[in-house]
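Letters A, B, ... are given to chains in the order of the sequence lines, protein chains preceding strands, and every chain is numbered from 1.
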2 protein chains.
Amino acid sequence: MKELKHTIYGVVGLGIMGGAIVKAIRAHILDESGATGKVYASNRSKAPLSMASAEGMIDKGFALEDVAQMLSLCDVVYVCLYPDATLQFIKDHRDDFKSGAIVTDISGVKTALVEGLPDGIRPDVDFVVGHPMAGGEKEGYINSKASFFINRNYILMPQPYNTEEHLEFMKQLITAMGFTRIVETEYKNHDHKIAFTSQLCHVIASALVQSAEDERITEFGGGSYEDLTRIAMINAPLWTELFMADKKELLTHIDAFITQLQVIKQDLETEDALHLEKYLEEVRSKRMKMSRIDSIRKV
Amino acid sequence: MKELKHTIYGVVGLGIMGGAIVKAIRAHILDESGATGKVYASNRSKAPLSMASAEGMIDKGFALEDVAQMLSLCDVVYVCLYPDATLQFIKDHRDDFKSGAIVTDISGVKTALVEGLPDGIRPDVDFVVGHPMAGGEKEGYINSKASFFINRNYILMPQPYNTEEHLEFMKQLITAMGFTRIVETEYKNHDHKIAFTSQLCHVIASALVQSAEDERITEFGGGSYEDLTRIAMINAPLWTELFMADKKELLTHIDAFITQLQVIKQDLETEDALHLEKYLEEVRSKRMKMSRIDSIRKV
C-alpha cells in the first residue's frame with residue numbers, strides 16, 4: 001500500500017458520517033507536506049457534493065451515475081450508506097473497484113453484510129469490515145465535523161481473506177482520523193455488543209420520550225432527562241433498519257434491562273431501602289470502573 | 001428586604017450544591033461594587049469550610065455546634081442537606097433563625113417537607129420551598145462550581161404564608177445565580193414531575209449499568225451508553241432516600257416507561273417495521289419540540 005498521504009480515497013454517501021470521514025482525512029492526512037493523495041465523494045443528491053467542493057473538502061464530486069468512474073480511481077473506498085444499501089452497493093459495483101483496492105464500511109450491524117458478501121466481492125479487492133463508533137443526532141454533511149472521531153472507539157472485524165498489509169493500513173488510517181482505541185472482534189460478537197451499547201440505548205431514549213406526559217416536561221428538567229433523550233432525535237428509517245437487522249440480540253438486551261428495572265421496582269414496592277442502597281452502591285462501583293476504561297480514550 | 005448585594009447569606013451543608021450556591025453568590029452578587037453582604041457556611045466536617053475560607057468563597061465558616069450563632073446573623077438561610085435532614089434541621093433550629101429571615105432549601109422531594117413543616121417554622125420566619133435543577137455526579141464542595149446554575153431551571157413552590165416581597169427577593173437571587181427559567185408549581189406536582197425527569201432517569205441509568213455483561217462494555221461504546229449511564233455514578237444514600245420518599249410517583253413512571261418498551265418489543269417480535277418507523281418518527285418530533293423548550297434556557 002501507498003502511504004496514507006499519497007492514497008486516493010473515495011467516499012460513497014456524503015452524509016454525517018461520510019462527511020466526517022472526508023473532513024478528517026482532509027484535516028489530518030492530506031494536510032501533510034508533500035501529500036499527493038486525493039479525496040473523492042459520490043452522493044445521490046448533489047447539494048452535499050457542491051458544498052464539500054466549495055469548502056475544499058473533496059477534490060471532486062461524482063454523481064451517482066458516475067460512481068463507477070470514481071471507484072476505478074480509488075485505493076480505498078469508504079461505503080457510508082445504510083446497512084442494506086451497503087451490501088447492495090458492493091454487490092452492484094463488484095466489477096467497478098480498482099484492482100488491489102480496500103473497500104470498507106461503517107454499518108452498525110454486520111451479520112447480513114459479512115454473510116452476504118463472499119460472492120459479492122472480487123478476489124483482488126479486499127473488504128475490511130469495520131465500525132467507527134461515533135456520530136451525532138443531527139443528519140447530513142452539513143452537520144459533519146472533522147473532530148467527530150477524536151478519542152472514539154473503532155471496531156474492526158478481520159476476515160480470513162484480509163491481508164495483514166491491508167489491516168495494518170486501515171489501523172494507520174483509523175488512528176490518523178482521530179480514533180484512540182481499535183477493538184478487534186468477531187462480527188457476531190460485534191452485533192451482540194452493539195445491540196447493547198448502541199441500539200438498546202436508542203430504544204431506551206425513545207421509550208423515555210414517549211412516556212413523557214407532554215413536551216413541556218423539560219421545564220422540570222435538570223439535565224438528566226435532556227441527556228438521556230438527546231439521541232431520541234433519531235433518524236427513524238436508519239434506526240428501524242438497524243433495530244430490525246439485529247432484533248434477536250436487541251430483544252435479549254431489552255429483556256435483561258427490564259429485569260433490572262424489576263429489581264428496583266421490587267425494592268420500592270417492599271420499601272427495602274437497605275437492598276436498594278446496596279444495589280446503587282454496586283451500580284456506582286461498576287460504572288466507575290467503566291469510567292477508567294473510558295479514560296484510555298482520553299490519551 | 002435589603003438589596004441582594006447587601007444581604008447576609010448562610011449556607012448549611014457545604015457539599016456540591018451548597019458549594020455552588022456559595023460560589024455563585026460570591027461570583028455574581030458580592031462582586032458588585034459597594035457590596036456589604038457576606039456569605040457564611042456551616043458543615044459537619046471542617047475540611048470544606050477551611051477550603052472555602054482559604055479560597056475566599058466564604059467570609060466565615062461555622063462548626064456545626066456553632067450553627068445557631070450563624071443562623072442568628074443571616075437574612076437568607078440556604079439549607080443544603082438531604083431531604084430528611086433538611087426537615088429535621090429546620091425543626092431543630094426553629095428558635096435560632098433571625099427574625100424576618102428567609103429560609104429556603106434545595107431538596108429533590110417536597111411532600112414530606114411541606115406537610116411536615118407548618119409547626120416547624122416561626123411566624124416571623126418565611127420558608128420558601130424551592131428546587132434548583134442542577135448538580136453533578138461528583139460529590140462534595142471540591143467539585144462545586146459557580147457556573148453550575150447557568151441556563152438551568154429553578155422550581156419554586158410558593159406557600160400561602162409566603163410574602164410577595166420574599167418571593168420577589170428569591171426570584172432576583174435565583175436569577176442572579178445564573179438560572180434562566182423559574183417555574184412555579186404546587187409541591188405535589190413537583191414531586192410527580194421530578195419523579196419522571198430526575199428519579200426515573202437515575203433508575204434507568206442504574207438498571208442499564210447493571211444489565212451490562214461486564215465493565216469492558218465501553219470498549220464497544222460510541223458515546224450513547226456513556227452518556228446514558230453517567231448519572232449512574234450515583235450517591236447511593238441520597239438517591240435511596242429520594243427514591244423512597246417519592247416511590248409512589250416513581251413506580252407509576254417506571255410502569256409507563258416499561259409499557260413503552262413493550263411497544264417497541266412487540267414491533268421487533270412481530271417484525272412490524274412500518275409501525276416501528278412511525279413510532280420513531282413520533283419520538284423524534286416530540287423530542288424536537290422539547291429541544292425548542294430547552295432553547296429558552298440558552299438565552
Side-chain angles (χ1 to χ4, degrees), chain A residues 133-135 153 183 193-194 196-198 201 203-204 206-211 215-222 224-229 231-234 236-237 239-240 243-244 247 250-251 254 256-258 260-261 264-265 268 271 273 276-277 280-281 283-284 286-290 293-294, chain B residues 133-135 153 183 193-194 196-198 201 203-204 206-211 215-222 224-229 231-234 236-237 239-240 243-244 247 250-251 254 256-258 260-261 264-265 268 271 273 276-277 280-281 283-284 286-290 293-294:
Chain A
M133 297 300 299
N153 296 325
V183 176
K193 295 290 188 186
I194 295 305
F196 183 78
T197 57
S198 176
C201 290
V203 164
I204 288 171
S206 300
L208 188 51
V209 165
Q210 286 302 68
S211 49
E215 290 127 9
R216 298 179 62 93
I217 191 67
T218 44
E219 292 179 357
F220 292 89
S224 302
Y225 184 78
E226 296 85 337
D227 287 346
L228 264 66
T229 58
I231 55 173
M233 287 182 267
I234 198 163
W239 284 91
T240 300
F243 289 168
M244 284 297 170
K247 72 184 166 59
L250 179 54
L251 281 167
I254 295 176
F257 173 66
I258 291 177
Q260 292 297 328
L261 289 176
I264 298 175
K265 267 191 72 176
L268 291 169
E271 302 195 37
L276 181 57
E277 190 171 329
L280 296 179
E281 291 287 6
V283 164
R284 178 191 174 94
K286 189 170 176 182
R287 182 60 178 81
M288 298 287 262
K289 286 180 200 150
M290 291 180 190
I293 296 173
D294 285 350
Chain B
M133 297 298 300
N153 295 325
V183 176
K193 295 289 188 186
I194 294 304
F196 183 77
T197 58
S198 176
C201 290
V203 164
I204 288 170
S206 300
L208 189 51
V209 165
Q210 286 302 68
S211 48
E215 291 128 10
R216 297 178 64 93
I217 191 67
T218 44
E219 291 179 356
F220 293 88
S224 302
Y225 185 78
E226 296 85 336
D227 287 347
L228 264 66
T229 57
I231 55 172
M233 287 182 264
I234 198 163
W239 284 92
T240 300
F243 289 168
M244 284 296 170
K247 73 184 165 60
L250 178 54
L251 281 166
I254 294 175
F257 173 66
I258 290 177
Q260 292 298 328
L261 289 177
I264 298 175
K265 267 191 72 174
L268 292 170
E271 301 195 37
L276 181 57
E277 189 170 330
L280 295 179
E281 291 287 5
V283 164
R284 178 190 174 96
K286 189 170 175 183
R287 183 58 180 83
M288 298 287 261
K289 286 181 199 151
M290 290 180 190
I293 296 173
D294 285 349

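When each of A:T229, A:V183, A:I194 is scored by its heavy-atom pairs under 4.5 Å with chain B, the top score falls to A:T229. By number of non-hydrogen pairs under 4.5 angstrom with chain B, the leading residue of A:A232, A:A256, A:S198 is A:A232. With chain B as the partner, the residue from A:I231, A:I254, A:L280 showing the most heavy-atom pairs under 4.5 Å is A:L280. Among A:L251, A:L250, A:D227, the residue making the largest number of heavy-atom pairs under 4.5 Å with chain B is A:L251.
Residue B:L228 touches chain A through both its backbone and its side chain, counting heavy-atom pairs closer than 4.5 Å. The parts of A:L276 that come within reach of chain B are both its backbone and its side chain, each placing non-hydrogen atoms under 4.5 angstrom from that chain. With a 4.5 Å cut-off on non-hydrogen atoms, A:L268 touches chain B through its backbone and its side chain both. For a residue to count as touching a neighbouring chain, one of its non-hydrogen atoms must lie under 4.5 Å from one of that chain's; by this rule A:I264 touches chain B with the side chain only.
By the side-chain contact (heavy atoms from CB on, under 4.5 Å) test, A:L261 pairs with A:F257, B:V203, B:A207, B:F257, B:I258, B:L261, sequence neighbours left out. Listed by chain and number, the residues in a salt bridge (charged side-chain N to carboxylate O under 4.0 Å, His left out) with B:E271 are A:K247 (sequence neighbours excluded).
Across B:Y225 and B:L208, no two heavy atoms sit closer than the pair OH-O, 3.0 Å. In this structure, A:P237 and B:E281 approach most closely via the heavy-atom pair CD-OE2, 4.0 Å. In terms of heavy-atom proximity, B:E277 sits nearest to A:A236 at O-CB, 3.7 Å.
Of the candidates B:T218, B:V209, B:I234, A:R287 forms a side-chain contact (heavy atoms from CB on, under 4.5 Å) with just one, namely B:V209.
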